[in-house]
**Q** 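Encoded as structure tokens, here's the structure I'll be asking about.
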Protein chains: 4
Amino acid sequence: MPAAKSPDPARRSERSRRAILAAARELVSEVGYAKVSIEAIAARAGVGKQTIYRWWPSRGAVIFDSFLALSEGAEGMALPDTGDLAADLKLVMRATAAEFADPAFEAPIRALNAEIINDPELARQYHEKLAAPVDEAKRERLRSAQRAGQLPPDIDLDLFLEFLYGPFYQRWLTRGGPLTPEYADSLVDLTLRAFRA
Amino acid sequence: MPAAKSPDPARRSERSRRAILAAARELVSEVGYAKVSIEAIAARAGVGKQTIYRWWPSRGAVIFDSFLALSEGAEGMALPDTGDLAADLKLVMRATAAEFADPAFEAPIRALNAEIINDPELARQYHEKLAAPVDEAKRERLRSAQRAGQLPPDIDLDLFLEFLYGPFYQRWLTRGGPLTPEYADSLVDLTLRAFRA
Amino acid sequence: MPAAKSPDPARRSERSRRAILAAARELVSEVGYAKVSIEAIAARAGVGKQTIYRWWPSRGAVIFDSFLALSEGAEGMALPDTGDLAADLKLVMRATAAEFADPAFEAPIRALNAEIINDPELARQYHEKLAAPVDEAKRERLRSAQRAGQLPPDIDLDLFLEFLYGPFYQRWLTRGGPLTPEYADSLVDLTLRAFRA
Amino acid sequence: MPAAKSPDPARRSERSRRAILAAARELVSEVGYAKVSIEAIAARAGVGKQTIYRWWPSRGAVIFDSFLALSEGAEGMALPDTGDLAADLKLVMRATAAEFADPAFEAPIRALNAEIINDPELARQYHEKLAAPVDEAKRERLRSAQRAGQLPPDIDLDLFLEFLYGPFYQRWLTRGGPLTPEYADSLVDLTLRAFRA
DNA sequence: ATATAACCGAGACGGTACGTCCAGTCTTTGA
DNA sequence: TCAAAGACTGGACGTACCGTCTCGGTTATAT
């Protein structure tokens, strides 16, 4: 009893799908997110525009999918677990800070975030496909810390992560200040203090 | 010996400036931020397109200015100060949460944030013109708490605010969850615990 | 030893053929000749596009066939023969003029003529399938007049018909003037005078 | 008190107008009328598509105008006048027949006629701009014949011309037969007989 | 009686062109 | 002497169809 409103995915050309996502990825890195047009993607992919419009609802969705395709297979990720929660988290946060300071990495991520802000469906997909696996890995590290007695067993792990990343995210997005290693350390220390028994 | 490259502001028509900003504001609320075009603003304001291009560098800048014009005069704001910091902050956070849940308010703010993300100059103006006065009011309340011995005297007030608002901001922007009053309270409690001596 | 390049007509689905021609006819009268697309015909007929492309070489051919199907069975037509050639021809010409003034009739015939102009094959078919039987009926009336001594026995009947209908056709196609009953009469009188002994 | 709905022609770019008409003419002769697209004209002319849409209502109108531009200045034409009407007309008709048999000339004229058939406005312009001057020259020759006593003074000259050209036009458009010199002569002889006293 | 070939509905595909919108620049004109 | 009005080139939009191409699912002979 399928709704069957959208076209039959069985007939979809895998070759075209791949070409489109590859073209989208290339174009984003070549001319920047804002200047990538459906027309350019279609031309680069050797595909009719209709083939894009048939399977994606918007430019944002295509490009988002091209990001997704990149991170596929990154499933079984895990955070370092040396037994020292604070040290491990600082390592991760410092790495993240470094990553976000790299201009080549920064531009598309900013664009992606701008898109997500205005498009609830994209936001949903972002959480489901991109954020969920990463968040689960983080929660797993926190659970390990709980088992080790380094964190109270009854805290809300998602809230913990929001405290850890929220300030970071805000500062980065609004360019409210530099993402220094010391800043990364502060976030970890303060968050731990907030949640420690 | 000024560089004097940009047009002489003295010659600027105040009537046109006002009409443009008013038109921009109206159009944003009528058709949504993303669909407002320079052309439409010019037509609505009864102004030549050139007059817009002469004074603003981008569509984002015009619309941002039209937001600014709204909040002018909101200078001398102050947060409630009953002597109970936690209660006062919770009041403010709950009000903010309610405000951000109002769709009429939400849409343009989301659009503004999306624009800020990708445009450093806009971000700079945002901090300087919009965020600064509000942040100063918040800091003033915290200083009052420090004087009352409710907060250690040596903490970084900006970091405190980042902890208070960062999680909130992230959750709202990415639609990571509902902004309930309880959530608002949690943010206050946890932030206070992180910074309390 | 037939060439047998084209598909075997024996396997052709009569049901589809009829549905296509019916759909074409309906669409022409609904949206006008120029706006009828193969895709629309196929959809309306509940038929795959390929089925149309298999049996007809062009859009014009399909629609032309749908016209043909209408006039099938109009074989044994005959012109009135009261013995008075001029009167009979005037009757016919006036009727034709009235017919061509009817907008419902006019539009598709104009479109058909436009198509014929640019497509020699369609022109051939037009003469063979549509014009021939009608012309033969007209010639028969003229032969009857020859037998009655109202027309010289050696005149070129086709040329006679060209004189009778040529001015009419030109005036109608190029909208060079109104097709009044008096005009119809003039054509008959002048043509008769040109060919009378 | 002008209606002033359409754009002010005073602001029209003469350079663009010329480039568009030239491009249209070139493309018609290069790829044939049917395959000339607005897009191609714009590209060839180095002009935005909007500039074409601003000043012409349809593709047909542009191309028609490009024909018009060709025949501008062909105002003061005159038919031969040796004193022998029949001979002069035969000369003209034979020349016309030869002209219409030339494929290079034929194709665009066919296309033009097809367009005129379906577009009343184009038909109106055709009569006013293209046919009128030529017809006037023909009528002038006939009036000369009337003064010379070779034609009755009270005949309808337009009707005369319809008889002369109608059969010709019909035969050519529908490919009803060859346009031989003998055929041309017959048209002249029969028309003269029809209208002679 | 069954394979096997063609036809069939369906519709995805690479493309071309449509007619519209808007960006950002350039030109004319009226106050 | 401005600035409004708006025409200009150019690029992209999202849509409509083109004609070709599979895809399974019937027929309908031709073994």
Side-chain angles (χ1 to χ4, degrees), chain A residues 7-17 19-20 35-43 45-55 57-59, chain B residues 7-8 11-13 15-16 19 35-43 45-55 57-59, chain C residues 7-17 19-20 35-43 45-59, chain D residues 7-17 19-20 35-43 45-55 57-59:
Chain A
D8 179 0
R11 295 206 185 271
R12 182 166 188 178
S13 158
E14 183 59 18
R15 146 194 268 278
S16 293
R17 200 189 124 263
I20 289 164
K35 285 181 191 156
V36 174
S37 66
I38 296 266
E39 212 137 274
I41 296 174
V47 138
K49 278 200 287 177
Q50 204 61 281
T51 301
I52 298 183
Y53 284 110
R54 206 170 356 244
W55 303 105
S58 68
R59 192 186 70 120
Chain B
D8 178 1
R11 293 194 187 264
R12 181 167 190 177
S13 157
R15 147 195 263 278
S16 292
K35 286 179 191 158
V36 175
S37 63
I38 296 265
E39 209 136 54
I41 295 174
V47 139
K49 282 201 286 176
Q50 204 57 260
T51 304
I52 299 183
Y53 284 111
R54 216 180 331 259
W55 303 105
S58 69
R59 192 187 68 121
Chain C
D8 179 1
R11 291 194 187 261
R12 182 167 188 176
S13 159
E14 184 60 17
R15 148 196 263 277
S16 292
R17 199 188 126 264
I20 289 164
K35 285 178 191 160
V36 175
S37 65
I38 296 266
E39 213 137 279
I41 295 173
V47 139
K49 281 200 287 177
Q50 204 57 262
T51 303
I52 298 183
Y53 283 111
R54 198 164 8 238
W55 303 106
W56 285 276
S58 69
R59 192 188 69 121
Chain D
D8 180 0
R11 295 199 185 268
R12 184 167 189 178
S13 158
E14 183 60 17
R15 146 194 265 280
S16 293
R17 199 190 124 263
I20 289 164
K35 285 179 193 159
V36 174
S37 65
I38 297 265
E39 211 136 274
I41 296 174
V47 139
K49 279 201 286 178
Q50 202 61 0
T51 301
I52 299 183
Y53 284 110
R54 193 157 20 229
W55 302 107
S58 67
R59 191 187 68 121

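Per chain, numbering begins at 1; letters A, B, ... match sequence-line order.
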**Q** Separation of Trp55(A) atom CH2 from dG14(E) atom C1', in whole Å?
**A**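 It works out to 15 Å between those atoms.
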**Q** Round to the nearest Å and state the distance from Arg12(C) atom CZ to dG9(E) atom P.
**A**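 Interatomic distance, CZ of Arg12(C) to P of dG9(E): 11 Å.
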**Q** To the nearest 0.5 Å, what is the distance between CD on Glu39(C) and CD1 on Ile41(C)?
**A**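 Spacing of CD (Glu39(C)) from CD1 (Ile41(C)) equals 11.0 Å.
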**Q** How many Å lie between CD1 on Ile52(A) and C1' on dT15(F), as a whole number?
**A**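 After rounding, the gap between these two atoms is 15 Å.
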**Q** Rounded to whole angstroms, how far apart are CD on Glu14(A) and P on dT22(F)?
**A**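 It is 17 Å, rounded to the nearest whole Å.
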**Q** OP1 or OP2 of dG14(E) sitting under 4.0 Å from any side-chain N/O of Thr51(A)?
**A**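 Checking dG14(E) against Thr51(A), a side-chain N or O does come within under 4.0 Å of OP1 or OP2.
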**Q** Think Ser16(A) has a side-chain N or O under 4.0 angstrom from the OP1 or OP2 of dA12(E)?
**A**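 Checking dA12(E) against Ser16(A), no side-chain N or O comes under 4.0 Å of OP1 or OP2.
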**Q** If each of Ser13(A) and Gln50(B) is mapped to the nucleotide of DNA chain E with the nearest heavy atom, which maps nearer the 5' terminus, i.e. the 5' end?
**A**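 It is Ser13(A), whose closest nucleotide lies nearer the 5' terminus.
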**Q** Between OG of Ser58(B) and CD1 of Ile38(B), what distance do you get to the nearest 0.5 Å?
**A**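 Between Ser58(B) OG and Ile38(B) CD1, I get 7.5 Å after rounding to 0.5 Å.
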**Q** How do Ala45(D) and Gly46(B) order along DNA chain F: which one's closest nucleotide is nearer the 5' end?
**A**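 The 5'-side residue here is Gly46(B).
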**Q** Select one nucleotide: of dG9(E), dA7(F), dC13(E), the one nearest the side-chain heavy atoms of Arg54(D).
**A**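 Looking only at side-chain atoms, Arg54(D) lies closest to dA7(F).
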**Q** Taking Arg59(C) for its side chain and Ser37(C) for its backbone only, find out whether a donor-acceptor pair lies under 3.5 Å.
**A**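 It does not hold such a pair.
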**Q** List the atom of Ala42(D), the atom of Gly48(D), and the distance in Å for their closest heavy-atom pair.
**A**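 Closest approach of Ala42(D) to Gly48(D): CB-C, 4.3 Å.
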**Q** List in chain and number order the residues that pass side-chain contact (heavy atoms from CB on, under 4.5 Å) with Arg12(A), two or more places apart in sequence or in another chain; answer none if no residue qualifies.
**A**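 So Arg12(A) forms a side-chain contact (heavy atoms from CB on, under 4.5 Å) with Arg17(A), Trp55(A), Trp56(A).
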**Q** Using a cut-off of under 3.5 Å, enumerate the N/O to N/O pairs linking the protein to nucleotides 28-30 of chain E.
**A**
residue: dT28(E); atom: O2; partner: Arg11(D); partner atom: NH1; Å: 3.0

**Q** Within a reach of under 6.0 Å around CZ of Arg54(D), are more than 12 heavy atoms found that belong to other residues, nucleotides or ligands?
**A**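 Result for CZ/Arg54(D): enclosed.
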**Q** Under 3.5 Å between N/O atoms: give me all the protein pairs with nucleotides 17-19 of chain E, atom names plus distance.
**A**
residue: dC18(E); atom: OP1; partner: Ile38(D); partner atom: N; Å: 2.9
residue: dC18(E); atom: OP2; partner: Ile38(D); partner atom: N; Å: 3.2
residue: dC18(E); atom: OP2; partner: Glu39(D); partner atom: N; Å: 2.8
residue: dG19(E); atom: OP2; partner: Tyr53(D); partner atom: OH; Å: 2.6
residue: dG19(E); atom: N7; partner: Lys49(D); partner atom: NZ; Å: 2.8
residue: dG19(E); atom: O6; partner: Lys49(D); partner atom: NZ; Å: 2.7

**Q** In whole angstrom, what separates Arg15(A)'s CZ from dC21(F)'s C1'?
**A**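 Interatomic distance, CZ of Arg15(A) to C1' of dC21(F): 13 Å.
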**Q** Write down the atom of Ser16(A), the atom of Thr51(A), and the distance for their closest heavy-atom approach.
**A**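 Scanning both residues, the minimum pair turns out to be CB-CG2, 4.3 Å.
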